[in-house]
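Structure, as structure tokens:
Convention: sequence-line order gives letters A, B, ...; per-chain numbering from 1.
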Protein chains: 2
Amino acid sequence: MSDRPHVTLEDVARSAEVSLATASRALNGTTRVRDDLRERVLSAAAELAYTPNAHAQALAGGSRRTVGVICHDISDPYFAAITRGVMRVADSHGLLVMLAGTFADPDRELACVSTLRAQRASAILLTGSAFEDRAWERRMAAELEPYRRGGGRVAVVTRHRSLKADTVAPDNRGGARALVEAMHGLGHRRFAVVTGPTRLTTVADRVAGFREGLAGLGIELSERDVFAGSFDRDGGYEATKALLAAKHKATCVLTASDVMAVGAVSALGAAGLSVPEDVSVTGFDDVPLVRDFGLTTVGLPLERIGAEALELALDDAGGGGARGRVRRVSGEVLLRGSTAKPRRRRRG
Amino acid sequence: MSDRPHVTLEDVARSAEVSLATASRALNGTTRVRDDLRERVLSAAAELAYTPNAHAQALAGGSRRTVGVICHDISDPYFAAITRGVMRVADSHGLLVMLAGTFADPDRELACVSTLRAQRASAILLTGSAFEDRAWERRMAAELEPYRRGGGRVAVVTRHRSLKADTVAPDNRGGARALVEAMHGLGHRRFAVVTGPTRLTTVADRVAGFREGLAGLGIELSERDVFAGSFDRDGGYEATKALLAAKHKATCVLTASDVMAVGAVSALGAAGLSVPEDVSVTGFDDVPLVRDFGLTTVGLPLERIGAEALELALDDAGGGGARGRVRRVSGEVLLRGSTAKPRRRRRG
DNA sequence: CTGTTAGCGCATTCAT
DNA sequence: ATGAATGCGCTAACAG
């Protein structure tokens with residue numbers, strides 16, 4: 001029982017009466033070690049409750065046992081689900097996940113990359129939507145480039161024309177289109193969109209999909225049909241309040257995410273309107289618990305998306321050279337109780 | 001543009017034509033450095049996109065810029081909310097969060113501590129419930145003890161008589177009792193409990209609270225009134241199916257968490273029963289989105305709990321010596337639409 | 001198969 | 001105020 005702050009490999013070696021190298025080898029199993037020696041080392045290590053210093057290991061050129069995940073907000077079930085997928089495969093590779101939250105602040109996102117770079121994460125996953133901002137993209141690319149040169153892998157979810165990183169790309173646009181068509185099929189003709197800030201590519205893509213789908217059906221979405229808030233539950237609530245205040249006559253409210261949809265439904269309820277009797281509401285993502293409340297939405301395999309992002313980043317087949325592989329993931333329209341045929345128009 | 005894998009401080013120093021020490025000092029601002037030199041260093045660093053190697057820094061005895069959070073499953077909104085709180089304060093301290101998921105496996109939890117120990121996290125937060133298992137507790141204590149001796153801080157949420165770590169303790173028992181009393185006040189007399197595995201202390205405490213509250217009202221909860229499943233949405237669903245299959249005549253189903261309650265409500269719905277008309281259902285936690293669906297529950301300030309756990313761990317006032325401070329957090333009964341007065345008994 | 005030794009990149013003494 | 005030198009704990013050559 002030394003009084004030193006940490007038990008080191010040297011302590012173990014001394015206690016087992018072997019050399020440092022032997023102790024290291026015994027512990028790592030990299031080279032054969034005489035059985036009795038290995039036993040001695042192992043039991044000495046256990047005895048002393050030895051834990052290798054991961055920093056020293058990393059520095060000595062050994063492992064890189066961490067991956068970084070950057071998301072906007074882990075309490076958003078979208079990111080939670082993706083992160084869960086990441087953690088599953090990280091776990092199976094013996095990797096530890098370092099989680100950074102940006103709260104959708106572009107500068108923070110840049111800073112997170114820098115931090116993860118400092119930690120020599122073996123991979124960095126950008127799971128949050130990109131920002132539609134040329135200058136930002138450039139700075140991000142500049143931050144990522146040296147990271148890669150140092151052997152770091154990068155994968156992104158949903159983004160980034162210019163980033164040419166391995167990408168898992170949910171088909172937001174196509175899903176949105178299909179959803180709109182389904183709603184049209186139900187008989188809806190008057191739509192409104194409740195959305196987050198369109199500088200987020202995810203949001204922009206979904207809204208673009210709504211607009212395209214509608215246009216294809218001969219319905220134009222004007223600016224006055226779009227209500228934007230923050231990209232979360234409260235944003236959905238506020239945007240819907242604005243929609244109500246504007247006395248919008250939509251029979252179907254398309255929201256940019258399940259989370260926003262929850263806010264939308266609440267706002268509608270608070271105004272005495274019921275879903276879907278008075279108005280239909282759709283979400284996007286099909287996040288776990290919200291699913292139980294019967295929201296019509298576009299289902300995305302979130303957990304798998306996270307898992308694939310890490311797999312892609314870790315997979316060397318791309319060759320450390322030719323990166324920029326894109327894995328497309330399509331969404332599936334899930335019709336549930338939050339949507340119904342519109343009532344006949346009230347007056348004429 | 002060297003071709004070396006990483007730009008090091010030495011590269012910066014050389015490029016700025018100063019010594020390594022000066023470069024280090026200029027970057028860290030620890031000692032005064034002549035202004036022009038500092039400028040040169042800074043711009044050289046920027047030029048080369050230098051990022052300090054956190055491992056080297058940590059090894060050299062500098063920083064400890066990470067904290068470890070161990071939870072059962074980040075996609076559970078309970079943990080997501082707590083983790084969000086942790087991340088907020090971590091962020092404000094310039095710390096990076098390393099997230100480990102155990103999926104409620106005691107052995108994995110032990111392994112996670114070991115990993116985090118290896119990473120020399122400045123603090124380890126055990127946010128998941130403890131396991132009611134003497135041997136496990138002992139092993140956990142044995143793992144934590146050397147970590148602390150090395151200067152590591154430990155804080156836990158909800159647990160551990162024997163661990164004597166700084167603790168943030170939600171009053172699960174009291175909240176459960178109060179909830180039961182409120183339901184009794186509504187007129188309910190026949191209760192059932194839908195719960196997770198009672199080897200989790202959180203679950204055990206809540207069920208104990210239900211039982212105590214009921215006992216205080218002269219109602220006994222027998223084993224046949226308790227239906228256990230996994231501590232998640234599906235567990236709630238399955239346990240409720242079992243309850244239904246057993247033709248339990250409860251007018252009020254008390255579940256061990258909001259997440260389980262969601263499963264319970266779904267199972268009830270699938271069986272053609274509506275909430276609260278046919279049966280009342282309660283949750284526990286008041287997690288964000290579920291909140292919007294009007295579940296009666298016991299509200300816990302999850303995010304604050306996470307934040308306090310980290311603050312406690314980081315706060316040295318305890319003195320590196322006398323640890324084991326306990327911050328109690330009480331819950332608040334929130335009556336919402338998932339509960340109502342029971343209907344008059346069907347027959348007699 | 002084992003022991004000795006040289007760094008990994010940095011912060012920090014210690015001398016200037 | 002600056003520079004040279006030491007060591008953090010470990011792995012991976014390198015010799016024996």
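To the nearest angstrom, P of D:dA1 lies 11 Å from CG of B:Asp35. The interatomic distance linking B:Leu48 (CG) with C:dG9 (C1') rounds to 15 Å, in whole Å. Atom-to-atom, CG of B:Asn28 to C1' of C:dT12 comes out at 11 Å; the value is rounded to the nearest Å. Atom CZ in A:Arg64 sits about 16 Å away from atom P in D:dT11, given to the nearest Å. Nucleotide D:dC8 holds its C1' atom 14 Å from the CG atom of A:Leu9, rounded to whole Å. Look at NE2 on A:His55: it is 14 Å from C1' on C:dC8, rounded to the nearest Å. Counting to the nearest Å, the P atom of D:dC10 and the NE2 atom of A:His6 are 10 Å from each other. In this structure, the CG atom of A:Asp36 is 7 Å from the P atom of C:dT2, given to the nearest Å.
Here the CG-OH distance, from B:Leu9 to B:Tyr50, works out to 4.5 Å after rounding to the nearest 0.5 Å. Annotation: the span from B:Arg117 atom CZ to B:Cys112 atom SG amounts to 13.5 Å, rounded to 0.5 Å.
A:Arg149 has a carboxylate O that lies under 4.0 Å from a charged side-chain N of A:Glu145, or vice versa, which qualifies the two as a salt bridge. Remark: A:Asp11 engages A:Arg14 in a salt bridge, criterion side-chain N to carboxylate O under 4.0 Å. The pair A:Asp35-A:Arg38 meets the salt-bridge criterion, with a side-chain N (NZ, NE, NH1 or NH2) lying under 4.0 Å from an Asp/Glu carboxylate O.
For the pair A:Asp315 (side chain) and A:Glu311 (backbone), a donor-acceptor distance under 3.5 Å is absent. Under the 3.5 Å distance criterion, the side-chain polar atoms of B:Asp73 are left unmatched by any main-chain donor or acceptor of B:Phe103.
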Taking N or O atoms only and anything under 3.5 Å, show me the protein contacts with nucleotides 3-7 of chain D, one pair per line.
residue: D:dG3; atom: OP2; partner: B:Ser19; partner atom: N; Å: 3.1
residue: D:dG3; atom: OP2; partner: B:Ser19; partner atom: OG; Å: 3.1
residue: D:dG3; atom: OP2; partner: B:Thr22; partner atom: OG1; Å: 2.5
residue: D:dG3; atom: N7; partner: B:Arg25; partner atom: NH2; Å: 2.7
residue: D:dG3; atom: O6; partner: B:Arg25; partner atom: NH1; Å: 3.4

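Taking the screw axis at each terminus of the helix from C:dC1-D:dG16 to C:dT16-D:dA1 from five consecutive base pairs, the angle between the two is 40° to within rounding of 10 degrees.
Between A:Arg34 and C:dC1 there is no side-chain N or O to OP1 or OP2 distance below 4.0 Å. For the OP1/OP2 pair of D:dT11 and a distance below 4.0 Å, the side-chain nitrogens and oxygens of A:Gln57 include at least one atom meeting the criterion. In this structure, A:Asn53 does not reach the D:dC8 phosphate: none of its side-chain N or O atoms is under 4.0 Å from OP1 or OP2.
Between A:Trp136 and A:Phe131, the ring planes lie perpendicular to each other; the angle is over 60°, past the 30° to 60° tilted range.
B:Thr201 and B:Ser129 share a donor-acceptor pair across their side chains, judged by distance under 3.5 Å alone.
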